[in-house]
Amino acid sequence: NAGVTQTPKFRILKIGQSMTLQCTQDMNHNYMYWYRQDPGMGLKLIYYSVGAGITDKGEVPNGYNVSRSTTEDFPLRLELAAPSQTSVYFCASSWTGGGDTQYFGPGTRLTVL
Amino acid sequence: GQQLNQSPQSMFIQEGEDVSMNCTSSSIFNTWLWYKQDPGEGPVLLIALYKAGELTSNGRLTAQFGITRKDSFLNISASIPSDVGIYFCAGYFGNEKLTFGTGTRLTIIP
C-alpha cells in the first residue's frame, strides 16, 4: 500500500493563476480531508468528504473547491491564487470520521507570488 | 470554534531528558489524539485516548485524557534524537472534524 499520495510536492504560482492539488489513497477509506498548515500553526481543515459524491466545508474553505468522484481521489482546486494561500497543504484519509486515525500524505508546499 | 492551546510552543532539551507537554481546550472533547510531524512529512498518529482519565502508553510515550475532558498530556521518557519534530494534539467532539493544536516543537541539543 502506498497510503496517501499527493502531487506535486512543491509549486510556485503567480497571483491569479489556478491549479489542482492531487490526492489519492489506496486504503479504501471513506473519509478524506484537506488541511493547510501555516508556519508555526496547527492544521486548519479546508474541506472534507465522507464518501464519493459528498463533500463539505471545513474551517477555511474560501478560495478552494473540491470534488470526490471516486473513493480514491480527492483533488483540491485553487481558482485564483492569492498570497494568503501560501502554505503547506496536507491530504488525509480515514476509515470513519471523528476520532478515527487519519493517515496523512507528505504534503504540497505552495508559494503564491 | 473550538480552540486548542498547546504548551510549550517549543522545547530545547538534552538527549536522555524526559519531556512533558500539554494541551487545553475551551470546551470538552470525546477523543484526544497525539500526532508527531517529522520535517517535510505529514503528521503520524502516536496515541489515541477515548475516555476521561485514560492513561495510555506507546513505548516511551505516555498520554493522559484529563478528567475534565478539556485537557490532555503527553510525556516522553529518556528522549532520543529521533524524537525531534513537532507534536500536535487534536480533539474530537461529536462530528467528523478534528481540531488541531498549534504544536510543540521539540529540539534535542547535542
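Proteins get letters first, then strands, A, B, ... in listed order; numbering begins at 1 in each.
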(request) Measure Y35(A) against the heavy atoms of chain B and call it side chain, backbone, both or neither at under 4.5 Å. (result) side chain
(message) Just verifying a value: how many Å separate D100(A) CG and L33(B) CG, rounded to the nearest 0.5 Å?
(response) 9.0 Å
(message) Using the rule that Ile, Leu, Val, Met, Phe, Trp and Tyr join whenever any side-chain heavy atoms are under 4.5 Å apart, tell me whether L45(B) and Y33(A) fall into a single cluster.
(response) yes
(request) Report, as yes or no, whether the 6.0 Å neighbourhood of atom CE on M27(A) holds more than 12 heavy atoms from other residues, nucleotides or ligands. (result) yes
(message) Taking side-chain hydrogen bond (donor to acceptor under 3.5 Å, both in side chains) as the definition, give me every residue that meets it alongside T20(A), ordered by chain and number, with sequence neighbours left out.
(response) R77(A)
(request) Tell me whether Y89(A) is reachable from L45(A) by hopping between hydrophobic residues (I, L, V, M, F, W, Y) whose side-chain heavy atoms are closer than 4.5 Å. (result) no
(request) Counting only heavy atoms closer than 4.5 Å, note whether Q6(B) contacts chain A via side chain, backbone, both or neither. (result) neither
(message) Quick one: does any side-chain atom of Y35(B) pair with a main-chain N or O of Q102(A) as donor and acceptor, under 3.5 Å?
(response) yes
(request) Tabulate, in ascending numerical order, the residues of residues 64-72 of chain B having at least one heavy atom closer than 4.5 Å to a heavy atom of chain A, or enter 'none'. (result) none
(message) Can you tell me which portion of Q37(A) sits under 4.5 Å from chain B's heavy atoms? Options are side chain, backbone, both or neither.
(response) side chain
(request) State plainly whether one hydrophobic cluster holds both L13(A) and L21(A), where clusters connect Ile, Leu, Val, Met, Phe, Trp and Tyr through side-chain heavy atoms under 4.5 angstrom apart. (result) yes
(request) Measure the spacing between CG of L98(B) and OG of S94(A) and express it to the nearest 0.5 Å. (result) 8.0 Å
(message) With rounding to the nearest 0.5 angstrom, report the CD to CZ distance, E41(B) to F104(A).
(response) 13.0 Å
(request) Check whether T31(B) gets within reach of chain A through its side chain, its backbone, both or neither, counting any heavy atom under 4.5 Å. (result) side chain
(request) State plainly whether one hydrophobic cluster holds both F100(B) and L76(A), where clusters connect Ile, Leu, Val, Met, Phe, Trp and Tyr through side-chain heavy atoms under 4.5 angstrom apart. (result) no
(request) Provide the full list of salt bridge (Lys or Arg N to Asp or Glu O under 4.0 Å) pairs with a residue in residues 23-44 of chain A, sequence neighbours left out, each pair given once. (result) R36(A)-D38(A), K44(A)-E59(A)
(message) Counting heavy-atom pairs under 4.5 Å with chain A, which one of G101(B), A48(B), G103(B), P43(B) comes out on top?
(response) P43(B)
(request) State yes or no: do F73(B) and M21(B) share one hydrophobic cluster built from I, L, V, M, F, W and Y residues joined by side-chain heavy-atom distances below 4.5 Å, directly or via other members? (result) no
(message) Non-hydrogen contacts under 4.5 angstrom with chain B: give the residues of residues 105-113 of chain A involved, or none if there are none.
(response) G105(A), P106(A)
(request) Check the surroundings of atom CD in Q9(B): do more than 12 heavy atoms from other residues, nucleotides or ligands lie under 6.0 Å from it? (result) no
